[in-house]
Amino acid sequence: RQRQMCIRDRSWSSCIKPHVGGDSCQAGHVGMVLKGSLRCRHDDGTEIVVNAGDAYSFAPGHDGWVEGDEEAVLYEFNNTGKTYAVWEQA
């Protein structure tokens with residue numbers, strides 16, 4: 001089962017921030033991009049773009065958004081401690 005998240009500008013700051021507060025995402029993420037591209041900007045100003053086929057690890061303290069017009073599909077492997085944007089069951 002998949003969840004569709006915010007479509008407007010497809011960013012953490014516009015979709016998730018209003019629900020959890022804070023200046024940036026405080027969860028770490030480890031996963032793989034299956035389709036599309038995602039840009040992550042950390043609080044220290046560093047940025048990374050991950051594309052289909054890439055594995056990623058984002059530290060807590062970041063914003064992220066879909067790059068371009070193509071849908072981004074990502075699988076995350078770490079859901080420990082998260083209460084949003086996670087799989088409820090396999």
Side-chain angles (χ1 to χ4, degrees):
R1 174 175 116 177
Q2 289 184 321
R3 287 189 192 178
Q4 189 165 17
M5 297 181 70
C6 181
I7 302 290
R8 286 179 297 167
D9 73 7
R10 305 174 300 187
S11 69
W12 178 90
S13 56
S14 69
C15 300
I16 305 296
K17 180 179 179 174
H19 302 284
V20 300
D23 293 326
S24 60
C25 179
Q26 296 303 303
H29 302 277
V30 176
M32 176 184 175
V33 183
L34 296 178
K35 178 181 176 183
S37 299
L38 182 85
R39 179 177 297 270
C40 177
R41 179 181 299 137
H42 286 91
D43 291 347
D44 67 3
T46 58
E47 292 189 13
I48 185 171
V49 175
V50 291
N51 301 296
D54 291 344
Y56 61 85
S57 177
F58 303 142
H62 61 270
D63 193 359
W65 56 92
V66 174
E67 285 278 291
D69 295 325
E70 183 180 8
E71 171 185 52
V73 177
L74 300 90
Y75 282 116
E76 292 219 338
F77 306 119
N78 66 325
N79 288 328
T80 305
K82 295 183 193 177
T83 58
Y84 60 92
V86 298
W87 292 98
E88 291 180 357
Q89 51 182 268

Under the side-chain hydrogen bond (donor to acceptor under 3.5 Å, both in side chains) test, residues paired with [X] that sit two or more places apart:
X	result
Asp23	none
Lys17	none
His62	His29
Glu47	Arg39, Arg41

Do Glu67 side-chain atoms and Trp65 backbone N/O form a donor-acceptor pair below 3.5 Å? no
How close do [X] and [Y] get, counting heavy atoms only, and between which atoms?
X	Y	value
Leu38	Gly64	CD1-C, 4.5 Å
Gly28	Pro60	N-CG, 3.9 Å
Ser13	Pro18	O-CD, 3.7 Å

Which distance, rounded to the nearest 0.5 Å, do you find between the SG of Cys25 and the CG of Asp63? 8.5 Å
Interatomic distance, Lys35 atom NZ to Glu70 atom CD [nearest 0.5 angstrom]: 5.5 Å
Give every donor-acceptor pair under 3.5 Å between a side-chain atom in residues 48-57 and any protein atom, sequence neighbours left out.
residue	atom	partner	partner atom	Å
Asn51	OD1	Ser37	OG	2.5
Asp54	OD2	Asn51	N	2.7
Tyr56	OH	Glu76	OE2	3.2

Apply side chain to side chain contact (heavy atoms under 4.5 Å, CB included) to Asp69 and list each qualifying residue two or more places apart in sequence or on a separate chain. none
